[in-house]
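Structure first, then comments.
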Amino acid sequence: MYIHVRTHTNVHGLTTTGDLAVTIRTPTDAGLVQPVLSLRGVTKRFGATTALSSVGIDLLAGEVHTLVGENGAGKSTLIKVITGLHQPDEGEILVDGSPTQLSSTSDAQSLGIAAIYQEPMIFPELSVAENIFISHQNRGRIVNWRRMYADAGEILASLDMAINPRIPASQLTVGGQQAVEIAKAISLDVRVLIMDEPTASLSAHEVERLFEQVARLRERGVAVLFISHRLDEVFRISDRITVFRDGQHISTLPVDDVTQEQLVRDMVGRDVDEFFGRQQTPSSEEPSEPKPAAAALKVEGLSVNGAFEDVTFELRAGEILGFAGLVGAGRTDIALALFGITPADRGSIEVFGNEASIHKPADALGHGIAYLSEDRRQLGLSMPQSIIANITLPSLARYRSRSGLLRTAEERAVAERFRQQLQIKAASLDTPVGNLSGGNQQKTMLAKWLNTEPRILILDEPTRGIDVGAKADVHHHIDELARQGMAVILISSDLPEVMAMSDRIAVMREGRLVGIHDSASIDSETIMRAAVAA
Amino acid sequence: MTTMSMSRLGPDRLKELTLAATIFLSLVVFGLLIEGYFSGRFFNRVTLGVAIVAVVAAGQSLVILTRNIDLSVGSIVGVSAYVTGQQLGNHPEANVVVAIALAIAIGAILGLINGLLVAVARIPSIIVTLGTLAIYRTVLIAYGDAKTITADTLPSWLVNLPKSTLFSIGDYDLRFMFALAIGVVIALQIAFGRLRVGRRLYALGSNPDAAHQAGLSINRLTVLAFVGCGALAGLGGFLFLARFGTITVTAGQGLELQAIAAAVVGGVSTLGGAGTLVGSLFGALLIEVLNQSLVRLPALSEFWRDAVLGLLILIAVILDAVLARRFNPGRPRILAGTSAPGREPGSAQAITETGGTATGGAATGGAP
Amino acid sequence: MTGRARPVISENRRWELLLLTILVVTVIFNVMQSTNYLGINNFINLFELSVEKIIVAVVMAFVIVCGEIDLSVASIMGVGACVVAVLHDSTSVPFTLAILIAVGVGGLAGLLQGWCSATLGVPSLVVTLAGLIGFRGLARILVEDRSIGDFPEWFDSLGQSGVIGPLPFSVIVFFVAILFGGVVLGRTGLGRRAYVIGDNAEMARYSGIDVVGYKIRLFAVSGAVAAFAGVLFAARLGSVRGDVASGFELDIITMVLLGGVSIFGGTGSMLGVFTSILIVLNLRNGLGLANVEANTQTGIIGVILIASVVLRNAFARFDTSSLDTQAPPHHEPAVTNHDLTTANP
Amino acid sequence: MTHYKKLLALIAALAMLAAACGSDDTEASNDEETAETADSDAADSDGAEEEAMEEDADSEEAMEEEDAMADGGFEAGLDFNAILLPKFTGIAVFDQANEGALEAAGELGTNEAEFLGPTADNSVAGQIEIVTNAATQGVDAVMISNNAGDQIEPAVADLVDTGAVVVTWDSPIPSSNGESLFVAQVDFDETGKVMADMARSILGDDGGSFAVLSASPDASNQNAWIAALEEVLATDEYADLILLDTVYGNDESEESYNQALALVDQHPDMELIMSPTTVGIAAAAKAMQDEDLCEDVKVSGLGLPDEMRAYTASGCAPEFALWSFVDLGYLTYYVTYGLATGQIEAADGASFSAGRMGDYTIETDPTRDAGLRVLMGPFTVYNEDNIG
């Protein structure tokens with residue numbers, strides 16, 4: 001029996017590396033039991049690039065098997081091979097020990113293989129129930145709405161999810177939508193469930209709910225292939241951990257036999273010295289910033305109807321102010337109001353002592369405020385455009401020569417400077433950013449906003465979905481910027497990140513700012529409690 | 001308002017109701033302006049006139065639902081009307097079922113060509129159908145050799161079809177052609193609510209990436225939508241033939257714009273996944289009522305008609321946009337890819353554009 | 001790593017090369033077909049016959065790169081021509097002022113549509129479909145059933161006789177327009193913004209670009225240029241009727257799409273559009289000289305439109321190997337298909 | 001490099017295909033057209049009676065004695081390259097005109113004219129394009145059924161500069177600038193009288209009211225006919241005929257159909273719809289028939305016998321008129337041949353012999369301010385006695 005009952009000592013699921021010791025695990029021996037799904041010597045090439053090079057992996061019933069690796073390690077390709085989107089060039093896939101062809105997603109589905117992604121694959125216009133049953137082949141050609149709603153309600157109830165199966169899925173939060181996807185997987189009697197960074201868009205609270213669901217799946221004997229960049233989660237939830245690097249299988253070990261340092265080393269292929277940029281938080285070194293003077297940003301009674309209410313805070317130059325809270329608490333909305341996307345309905349904004357009226361992003365930029373969106377792909381970068389074009393986009397006016405043409409040489413020079421400064425890895429500066437890895441995209445986005453020479457930088461989930469190496473780089477740069485005197489607002493759902501990076505932490509709950517704390521004097525549990533209103 | 005009434009397709013139902021109200025309103029207004037407006041003949045004319053456009057617009061809606069467009073429907077109507085008319089001329093013994101089946105089959109084949117080019121050859125539908133719009137017409141002209149199908153070559157049941165009435169209330173007839181058209185549209189609408197394949201078409205338009213991930217056969221669904229559109233255009237061709245009797249090789253020219261106008265006025269979202277066939281029927285009805293009423297308006301000179309019609313359509317869509325925002329602020333139907341402000345990214349807007357629709361989904365909008 | 005570089009740029013290049021090949025084949029075909037083809041007058045005719053359409057095609061390229069569409073251009077051309085004609089016919093407004101007024105009316109028409117589309121968020125396809133009907137109506141209101149001519153001689157000669165050598169004014173306007181358009185699209189901030197807005201308007205807004213203002217202005221320019229093209233058309237024809245230029249919109253859009261501008265915005269180049277214009281003009285000219293029916297010509301252009309995208313896709317598939325395997329899904333053909341089949345949003 | 005080679009090959013193939021399509025089409029359609037001529041002639045002569053019969057009967061004789069006829073008229077066999085340009089293609093009447101032109105070309109032993117027309121939706125610009133290309137091609141003559149009003153003038157002027165002869169038929173250039181002469185199917189003024197007479201005959205001696213359903217508001221020949229009709233109605237003789245309204249169906253079946261019904265709604269006392277366009281008259285007749293209105297509202301105007309036969313039989317359209325488009329094409333070809341080969345001059349009073357159709361004289365066009373015309377005439381009035 002490989003069903004593990006896991007105990008969590010931490011009710012609120014506040015996950016710091018310290019929690020690891022309390023989970024009990026039984027080492028898994030893959031050799032004794034037939035895996036539900038095995039890959040043997042799978043190779044996948046795209047032209048000259050080898051995405052997967054003779055890799056193997058076994059997924060056992062009732063285990064949570066985590067796959068980690070930097071972006072580009074081959075994780076996505078592996079998922080696509082398992083779900084039938086790609087066919088391997090070499091090697092074989094065994095389902096219950098017998099070689100199997102997976103030539104389409106429906107092939108995989110009929111064998112009980114399903115996947116859940118970071119951004120849920122839902123149909124916004126369709127009801128929750130339809131979303132759950134859309135790919136069912138065995139429910140007849142005619143839709144029996146009554147039965148479908150009833151069945152959906154049952155499944156959701158069995159998962160302890162309070163979701164109305166009749167509402168359009170667009171009305172759910174990301175967490176809710178993921179729950180729907182899990183319900184869908186369960187309704188399909190899934191045997192192998194791939195979860196590709198499912199926690200990336202979730203708040204800590206929602207992550208907890210998700211992990212409860214994962215535990216349920218494990219109890220049902222589902223083989224879960226879990227992918228995440230958050231190592232604390234990885235250690236908390238996994239039974240076994242497999243590391244990929246550069247399309248190759250590096251190691252597979254029971255979670256108890258591996259340390260975080262070793263994991264990072266396997267992933268990166270070298271030792272990573274600092275995990276978080278501001279591990280030696282400046283507030284401990286230089287208690288109570290000696291420069292009480294210039295408040296870079298002073299926000300008073302700021303409100304946006306339906307989003308947040310009466311928010312007041314101050315931000316000093318050189319300070320990093322973290323914003324913690326659940327998704328939907330109104331953190332991003334404050335950023336959007338400061339940046340002029342959704343102008344505030346009430347309240348005042350003062351920038352370096354001057355009243356600022358911000359009605360559109362151009363106003364904000366004029367006041368030296370820059371906003372790095374959390375949604376890199378949709379709101380942060382223009383994927384088909386080159387690195388240069390993306391970096392200079394908000395400050396294009398500066399590159400206009402007298403004839404009206406763009407001074408492209410100057411643009412290139414600026415981009416080159418940022419490439420070196422931020423270590424953006426790309427074949428060329430003309431490479432479309434869509435071709436870069438997540439981490440390099442994030443750096444390009446950072447460069448884009450730094451190039452506007454902001455005095456106040458708002459970072460919204462700056463490390464979401466990027467690998468550990470790149471994450472450390474980004475943390476390092478943020479730290480560096482603050483040291484140079486930039487005022488930084490850091491919004492992140494990654495609590496350890498907020499705690500490690502911020503000087504002070506503002507906690508939001510349901511559209512209200514419920515407290516601002518010195519990061520040195522507060523622990524994660526207190527923050528979480530404030531955020532969920534214990 | 002309970003959750004129930006706002007449940008599945010809530011916005012679509014709302015849209016249909018708004019349209020019905022708009023149609024009613026325009027009838028009242030024109031009724032006050034025009035003497036003897038509510039005559040049986042006016043009713044019959046509107047219903048007969050709308051039959052062709054409604055059927056073609058329903059087909060167009062199918063395609064628009066899946067995030068495509070079919071500009072070739074006018075040519076398909078022409079080919080279907082012409083060829084069916086010609087065959088009926090040669091085989092006058094054929095009955096109505098055979099004739100309709102032939103017309104539909106011709107349309108379906110042409111739709112299949114469109115669908116294959118879009119789904120299998122992966123060409124944007126607007127390019128495919130812009131091409132086949134010209135190609136089908138060219139083929140028809142070469143085939144027809146400038147001959148006109150005339151009423152006297154057609155069997156008399158066909159020529160008299162527009163007259164045939166199922167039942168009458170006073171002067172108000174329920175004509176067979178109108179009944180056939182709304183029957184087809186409503187039957188399809190019901191089928192779409194009840195059949196798995198119908199829901200899958202909505203799913204495809206709602207989120208193609210998710211549809212792909214969910215193992216739906218996107219190619220097959222896309223082809224199906226185009227075949228359905230072609231088949232309905234073929235049926236439209238049959239109605240065209242019955243109604244006008246005289247068919248030249250230019251028959252149906254320009255019908256594509258009418259059909260698209262009916263569909264979008266009827267609330268079928270050009271972003272896919274939203275809208276109903278009944279909505280497109282209402283859209284067609286609204287345009288037909290406006291068109292027919294303007295013809296009757298004595299104060300309006302011939303030359304003002306187009307301008308007023310264009311203006312009214314514009315007002316209708318603007319009103320719709322405004323209403324949609326008022327009643328459904330979270331996810332306006334018509335606002336393309338607009339990310340509603342004041343929501344955390346986790347909310348619906350961010351989601352609808354996930355899965356790498358960087359090239360398409362978010363391309364428009366921008367209005368707060 | 002060689003394959004990794006620049007799909008966008010190389011795809012544009014590849015498209016342009018493909019078009020160029022088609023153009024060369026067309027020209028060779030024409031030379032073989034007709035002895036009359038290689039004459040200076042024929043070359044001028046070839047441009048002159050469609051010059052109004054291709055002038056509008058230049059600004060249409062911008063509109064489509066921005067991810068929008070303007071179906072009303074032909075109707076606005078009609079409005080422009082009719083405004084000039086009516087002012088000339090029934091008022092004493094000086095003719096040059098009449099032209100300015102016509103262009104202004106076109107600009108206003110575009111402004112109205114841009115406002116409806118960008119501010120209210122009604123898709124431009126829908127707004128300009130209404131404009132297509134409504135502005136044609138406006139043109140008819142203006143001239144009713146008349147045919148207005150007797151323009152000043154200098155005006156007629158703008159469209160009919162050579163200004164520089166045998167080159168008529170309107171053809172010069174076209175070359176200036178396409179050159180200017182090419183430079184603006186390819187080398188200025190305005191052009192860069194057009195691509196970004198077309199790729200992702202929300203993202204552009206988040207980058208501080210005034211997307212709504214940009215689009216409104218673009219539609220206004222589109223209207224003004226269309227009206228001016230309509231005025232040039234009036235000069236070439238020497239008289240104006242209510243149906244002037246009707247049905248031109250599809251030809252114009254066809255030329256832009258064949259030029260490799262994606263209907264979903266964000267890609268395309270003016271060089272591509274120019275090449276495609278040359279292809280369409282030469283093809284029509286050559287087929288016309290070979291006495292091929294106009295219907296057949298249209299059909300052949302339809303075939304080329306489809307075939308060219310088939311070819312492009314064939315190459316793109318051949319080339320997917322060069323894409324970074326970690327590229328976001330929008331490079332995956334399976335997904336691309338359905339993003340790209342979207343009607344203009 | 002290899003895939004560019006492939007590409008070149010593909011494109012070449014495509015181009016060849018296109019070329020093949022083009023030439024195939026023209027050949028094929030020409031063949032069929034020729035076959036068609038014989039067909040329709042035979043069909044026409046079947047049931048037709050005296051008036052309508054005469055010309056057809058003549059034509060058959062003419063064909064038998066081809067050489068003799070040619071001797072009596074123009075010198076045959078001269079080099080003559082011409083284009084016959086209809087308003088647009090795909091419409092029966094223009095094809096009939098081409099049949100007539102082919103017949104004439106056969107008799108004259110010269111080249112057949114290229115029958116080239118624009119598409120229906122691009123008529124104006126398309127006609128201009130074809131005229132311009134004709135100048136490049138250096139043809140001897142272009143025969144135009146002008147749909148572009150005065151807008152065609154600049155292109156025609158350029159064409160005439162190359163030495164080509166421009167003859168209009170069916171619909172002239174309003175200003176007559178550039179054209180040598182206009183082959184008028186009927187006297188445009190007479191059209192008014194014919195329509196008024198038909199109205200009288202249908203409405204009876206006590207007169208009545210009627211409306212006109214025209215093509216587009218900017219079609220010059222239709223407008224001229226309506227003007228002529230109004231002129232006739234202004235005379236005492238026709239004072240009892242009241243013209244209620246003029247509406248336009250844009251030569252589209254659907255719109256004409258709707259307009260006809262709207263007329264019925266608007267004018268309860270209307271007894272007749274007069275439509276001087278073949279599309280309009282057929283659509284109006286169908287509309288009246290569909291709505292069972294034929295008892296109250298009759299339809300008349302200019303119509304094609306083939307399209308109207310059923311409505312004449314049913315009594316919806318008891319009487320209508322038209323001329324022979326075959327003859328129009330035939331006569332146009334003859335006179336153009338004569339002009340282009342220098343055998344006659346376009347001058348008032350010049351006369352010539354046009355094969356089977358006999359002798360014609362060129363005269364100043366009384367219906368326009370300037371220009372010459374050859375009047376073909378007369379109308380054939382069709383009713384149930386002669387429509388067969």
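Note that these values count all heavy atoms, side chains included, but never hydrogens, waters or copies made by symmetry.
Between the CG atom of B:Leu216 and the CZ atom of A:Phe123 there is a distance of 5.5 Å, given to the nearest 0.5 Å. To the nearest 0.5 Å, the span separating CG on B:Leu65 from CD on A:Glu125 amounts to 9.5 Å. Note that OG of B:Ser206 is 9.0 Å distant from CD1 of A:Ile134, once rounded to the nearest 0.5 Å. To the nearest 0.5 Å, atom NE2 of residue B:His212 and atom OG of residue A:Ser104 are 9.0 Å apart.
Counting all heavy atoms, side chain and backbone alike, B:Tyr202 lies closest to A:Leu126 at CB-CD2, 3.8 Å. Nearest heavy atoms, A:Ile122 versus B:Asn207: O-ND2, 2.8 Å.
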Can you check side-chain contact (heavy atoms from CB on, under 4.5 Å) on A:Phe133 and B:Arg196, steps first, answer last? CA-CA 10 Å; A:Phe133 293 114; B:Arg196 197 180 62 189; over 6 Å; no
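No part of B:Ala191 comes within reach of chain A, as not one of its non-hydrogen atoms sits under 4.5 angstrom from that chain. Contact annotation for A:Phe308: neither backbone nor side-chain heavy atoms come within less than 4.5 Å of a heavy atom of chain B.
Atom CZ of B:Arg220 is surrounded by 12 or fewer heavy atoms from other residues, nucleotides or ligands within 6.0 Å.
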